[in-house]
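Data first, discussion second: the structure below is written as structure tokens.
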Amino acid sequence: MSEGVVLVGVSGSGKSTLGRQLATRLNRPLVDTDVLVRERTGRTPAQLIADEGEPAFRAHESAAVAELPPGSVVATGGGMIEDPVNRWRLWHHGRVIWLDAPVATLVTRLQADAEPRPMLGGEPLAGLERLAQRRAPFYRAADVVVDTAEPNALDRATDALAQPMPAGRRLFDAEVLRHHPMGPATARVIYGVAPPLPELDGTPSVVVDRRVANLAPPGRRLEITAGERAKRLRNLERILDWLSEVRHERGDPLIAVGGGTTGDVVGLAAALYARGVPWVNIPTTWLAQADAALGGKVAVDLAAAKNAVGAFWPPVAVAADVAALRTLGREQLRDGLAEAVKAAMIGDPALWQLLEQRGDQALRGDDEARYAITERAARVKLEIVERDPFEEGERRHLNLGHTLGHALEVESRYRLSHGAAVALGLRAATAIATARSGERSLAERLDHLLIGLGFGLHRDFDASVVRTALETDKKRSRGLQRWLLPMRIGQVIEVDDVTDAELETAMEVIGP
């Protein structure tokens, strides 16, 4: 990481003004990304957006971020930090300062500025409030905040640069609703590189997958062997007995460290012990960071049904470190990529493009690509859970690929990895969707992406066992099986009328 300085904030927060002052005081070069884009294209940001659309403008911004001189003071365009690739590069450029000011001050400044602000939609007050809310998780991840309405803003920014750099860095820090009558109303969701945990009350108890025991924070510790076979009632009982033995109190946090199965069983223990204790999830696998650690659904398996015993019990905090993914083997990494592919199909064409362009690099160890894929997938899930916390409608879209995928896992007695099962489930669902007027090129694009990521497209399985497993699926309603079908990237529909013939054809698509 260079010793640069990055200024972020909404329009009117003073990035250009304070940037010039700070660059002069530090004797550093100043890079204003809006100016850099104008020099590269001959057009202002407003003109670019009007001529080519916002995505084209963002592409020019990303190109500008890739060329930052080491040590420079960077005044960023307001929306630049919404892209996790940009944010990764900016946060690695140096210390990040969030420039903020009261909304009334920002509006006054913008009214005095002749520069068009297309992202505000012609209504400065409403536009600023909307953008501030949307970008809050990115601004909150800055190293320091400076109120530019105060007269000593330059001195405060200079003083902040004299402090030691933090050992870990947050790149995403969201405050989300927990949607539960018990416990705090909100939770923190933090992603980054060795991001610090939020402050916790009480004496923590830690349940950790023994394979990543070195990643656990201090506290009373129980090591477990994680994996789908560990998600059973006997292991849940073991954790509950241990909590009783160490006299875990109702206000003490229970911390889960490990992958999705660890979070599932520990989260369910947290929901049950003392009728509910606060818990913190530290996901260490790609599957957990991209999907399983979020949303508050916790469960264990029965012999013939996955996730059949569970609860809604959201954690009070999630802290994900992309560096933890370096501990994983290739198959575990693919588990996470399968969930990212699912998230892209549900609601993020930009994530799909990122997977096509850099998925293989992420698999081979590119931390920047890994982080960007992980965050984008997590944001898809967070946004859906916010709109439908108890899976009454849209949240069921997150089961895309899992209907048949879970049945394949059961048929294999959980020897088939979750990611491999989901990839096959996505192919099956896409085959059904294509026959129902879905986008005809989607199946080919999906196969091309999965092959590039190293997934198998076919598997030998006992179709009768799969059909039996489908009959125990918890998503069934009134005896009908719910299916999620991807009609195109970003559009999923839910149906309950998939015929035996359609299911047979879908299983033939993924069969040997």
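- In summary, the side chains of Asn399 and Glu391 do present a donor paired with an acceptor at a separation below 3.5 Å, with no hydrogens or angles considered.
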- Task: Output, in order, the C-alpha distance, side-chain angles, deciding distance and verdict of salt bridge (charged side-chain N to carboxylate O under 4.0 Å, His left out) for Glu339 and Lys342.
- Result: CA-CA 5 Å; Glu339 294 294 345; Lys342 176 203 75 175; 2.9 Å; yes
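- Expressed to the nearest 0.5 Å, how far CZ of Arg220 lies from CD1 of Ile255 amounts to 10.5 Å.
- Side-chain contact check for Arg436 versus Asp497: some heavy-atom pair is nearer than 4.5 Å.
- Under the 4.5 Å side-chain criterion, counting only non-hydrogen atoms from C-beta, Asp100 is not in contact with Tyr139.
- Between Asn307 and Lys297 there is no side-chain heavy-atom pair separated by less than 4.5 Å.
- Two residues are said to be in side-chain contact when any heavy atoms from C-beta on lie closer than 4.5 Å; Leu171 and Tyr371 meet this criterion.
- In this structure, the side chains of Trp98 and Asp143 stay at 4.5 Å or more apart for every pair of heavy atoms.
- A salt bridge does not link Arg396 with Asp388: none of the charged nitrogens is closer than 4.0 Å to a carboxylate oxygen.
- For the salt bridge (charged side-chain N to carboxylate O under 4.0 Å, His left out) with Arg87, the qualifying choice from Glu82, Glu375, Glu368 is Glu375, the only one to do so.
- Distance check: Ile510 CD1 to Leu408 CG gives 5.0 Å after rounding to the nearest 0.5 Å.
- Among residues two or more places apart in sequence or in another chain, the side-chain contact (heavy atoms from CB on, under 4.5 Å) test is passed with Val509 by Arg427, Ala431.
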- After noting the C-alpha distance and the side-chain angles of Arg379 and Glu386, does the key distance pass the salt bridge (charged side-chain N to carboxylate O under 4.0 Å, His left out) rule? CA-CA 10 Å; Arg379 283 161 58 183; Glu386 173 64 24; over 6 Å; no
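- Taking a cutoff of 4.0 Å between a charged side-chain nitrogen and a carboxylate oxygen, Glu228 and Lys231 qualify as a salt bridge.
- Geometrically, Arg178 engages Trp313 in a cation-pi contact defined by less than 6.0 Å to the ring centre and at most 45° from the axis.
- At a cut-off of 3.5 Å, with distance as the only test, a side-chain donor of His418 or Glu409 sits close to an acceptor on the other residue.
- Of the charged side-chain nitrogens involved, at least one lies within less than 4.0 Å of a carboxylate oxygen, so that Asp366 and Arg358 count as a salt-bridged pair.
- Between Arg188 and Glu199 there is no salt bridge, since no side-chain N of the basic residue sits under 4.0 Å from a carboxylate O of the acidic one.
- When ring centroids are compared, Phe390 and Phe312 come within the 6.0 Å threshold.
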